[in-house]
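Notes to accompany the following structure.
Lettering of chains follows the sequences in order, A, B, ..., and the numbering in each one begins at 1.
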Amino acid sequence: MSPLARQVLAGLAGAAGGLLAAKVIFRPDVTFQEPPASAGIAKPVLPTRAAQILAFGQPSATVPSPLVYRNHVLEYDSARRVPKWVAEHLTKDMVKQQVANRKGVNFSPDPLIPTQFTSTNQDYWGSGWSRGHMAPAGNNKHCQDSMRDTFYLTNVVPQDIDNNGNYWNRLEIWVRGLTEQYQDVWVVSGPLWLPQDNKEIIAATAVDDSKPVDDSLKTTVKSEIGSKVESSESEHKQIRKVRPPRPSPKTVSYQVLGPNNVAVPTHLYKVVLVSDPMLDRPLLGAFVVPNIPVGNQHLSEFKVELGEVEKGVGVTFHPELDRKMVGDLCIQSGCNMQDYKEFQQFFWTRRLKSPWNLRNLERDWAEAMKKGVVNSELELVYNESKARLEEKELMKVEEKAVGAPAA
DNA sequence: CGGGATGAGGAT
DNA sequence: ATCCTCATCCCG
């Protein structure tokens, strides 16, 4: 043992106490061996050395992988307090059932995660970010217990609330709908932290260097993918004349929430794989959506190569899938999600169906008109609710009229 | 469908 | 005194 190593171990012994030090110093299998000088069959000399380097044990995962639940499987990111990926398998029978709902189910810390690495509801409360399911609750209506599993915070990432309820929600509904056409649907969802667009950073610094950091972030935090639609090539060329690009000024930056520093992803991804007896090969689509409000863009706008998602997540998806034998889901199916206006009928119907009183009903109806989501079906719901409420209020008046003289 | 904010009441 | 659950009301 070299003097230096001895010194280090002595220092450790002083810090950790004699028992621990004795265990290490006198372990015969941790002694260093000189590599063989002669070239021959490789001896396991490196593992022995590695054992000494890792004398106190190899840094280990804090949580098993994968974590298995009733109807989804995931890998947890203990550093960011969110999942790395969440995998599901959907079928028509499973998605069609309606035995479970969200009532009485709340988000909660996952008991499988040590407190040191968990996130809590407090991290999200008042943060400005919503708790976005990766395995959606709506994919688990067939079983209340499996739906409850999806409310563990291991299945949740901080998500822009408009994105969550609108675009991402429509994407999830579209994926569920794929079970109508294809026998098996496999979905993997998760968060991404992508660097800011190179060119946009250059643009921001070129326009005005004295700009406060927050202002430049507002214009540059948009994703490589999300902003591709909006930015024009000519703008970039013009700016490049003003100032040549700096070498690769890319940065990944993200907000963290609450006492546990839950990481807010810049993007969310979804990898969709379908198979069916009617298909000669499985079909795959990979999508990356920026974690900001997204309007009516076609899903194809967010389609990416699977390899791009893998580079961002650091994993290989479906490693046993023969990629040469996989077709393009968007080419085959069109990737036509529900339009936003069409989608709004869902909650506007519900709102007009169960109003608290006439005043609320009239207010909601006026708002629905204003937003242009009214159709004949919605008008029918409105008229039925109105008639029902008016009758109810009439009953009340009659009851009072009958009861009053007696008193 | 997807979410949040608030306050009352109960448990610790 | 503080946390947690639940009911209620709200949003897109």
Heavy atoms only, 4.0 Å cut-off, all strands: where does Lys141(A) land among base, sugar-phosphate and nothing?
sugar-phosphate
Any side-chain N or O of Arg102(A) below 4.0 angstrom from OP1/OP2 of dG2(B)?
yes
Using side-chain heavy atoms (C-beta onward) and a distance below 4.5 Å, is Val264(A) in contact with Asn291(A)?
yes
Nearest to the side chain of Gln122(A) - dG2(B), dC4(C), dG3(B)?
dC4(C)
Kindly say whether Ile292(A) contributes a backbone atom to a donor-acceptor pair with the side chain of Asn163(A) at under 3.5 angstrom?
yes
Ile161(A) CD1 to dG2(B) P, in whole Å, measures 13 Å
Take Gln98(A) and Ser127(A), find for each the nucleotide of DNA chain B with the closest heavy atom, and name the residue whose nucleotide sits nearer the 5' end.
Gln98(A)
Regarding Glu367(A), tell me which of base, sugar-phosphate or nothing describes its non-hydrogen contacts under 4.0 Å with the strands shown.
sugar-phosphate
Rounded to whole Å, the CZ-P distance (Phe347(A) to dG4(B)) equals 16 Å
Expressed as a whole number of angstroms, how long is the span from Lys103(A):NZ to dC1(B):C1'?
14 Å
Ignoring backbone atoms, establish whether Arg131(A) has a side-chain N or O less than 4.0 Å from OP1 or OP2 of dG4(B).
yes
Ranking dG3(B), dC4(C), dG12(C) by distance to the side chain of Asn164(A), first place goes to dG3(B)
Value in whole Å for how far the C1' atom of dG2(B) lies from CG of Leu268(A)
13 Å
For dC1(B), take OP1 and OP2 only and decide whether either is under 4.0 Å from a side-chain N or O of Gln338(A).
no
Given atom CG of Asp364(A) and atom C1' of dC11(C), what is their separation to the nearest angstrom?
11 Å
Scan Gly132(A) against the nucleic acid and name what it touches under 4.0 Å (heavy atoms): base, sugar-phosphate only, or nothing.
sugar-phosphate
Is any side-chain N or O of His133(A) closer than 4.0 Å to OP1 or OP2 of dG3(B)?
yes
Rounded interatomic separation in angstrom, taking CZ from Phe107(A) and C1' from dT5(C)
16 Å
Can you check the Lys370(A) NZ to dG12(C) C1' distance for me, whole Å?
14 Å
Are any of the side-chain heavy atoms of His318(A) and Val326(A) separated by less than 4.5 Å?
no
Is the number of heavy atoms from other residues, nucleotides or ligands under 6.0 Å of Glu180(A) CD greater than 12?
yes
Which part of the nucleic acid, if any, lies within contact of Arg363(A), taking any heavy atom under 4.0 Å across all strands shown: a base, the sugar-phosphate backbone alone, or nothing?
sugar-phosphate
Closer than 3.5 angstrom, by distance alone: can the side chain of Ser385(A) be matched with the main-chain N or O of Leu352(A) as a donor-acceptor pair?
yes
Quick test of the criterion, 5.5 Å between centres and less than 30° between planes. Is Trp168(A) stacked on dG2(B) or not?
no
Under the salt bridge (Lys or Arg N to Asp or Glu O under 4.0 Å) rule, what do Glu362(A) and Lys386(A) come out as? Steps first, then yes or no, please.
CA-CA 9 Å; Glu362(A) 295 298 347; Lys386(A) 190 175 179 180; 3.7 Å; yes
How is Tyr340(A) classified with respect to the nucleic acid when contacts are heavy atoms under 4.0 Å: base, sugar-phosphate, or nothing?
sugar-phosphate
Grab the CG-P distance between Asn106(A) and dT5(C) for me, whole Å please.
7 Å
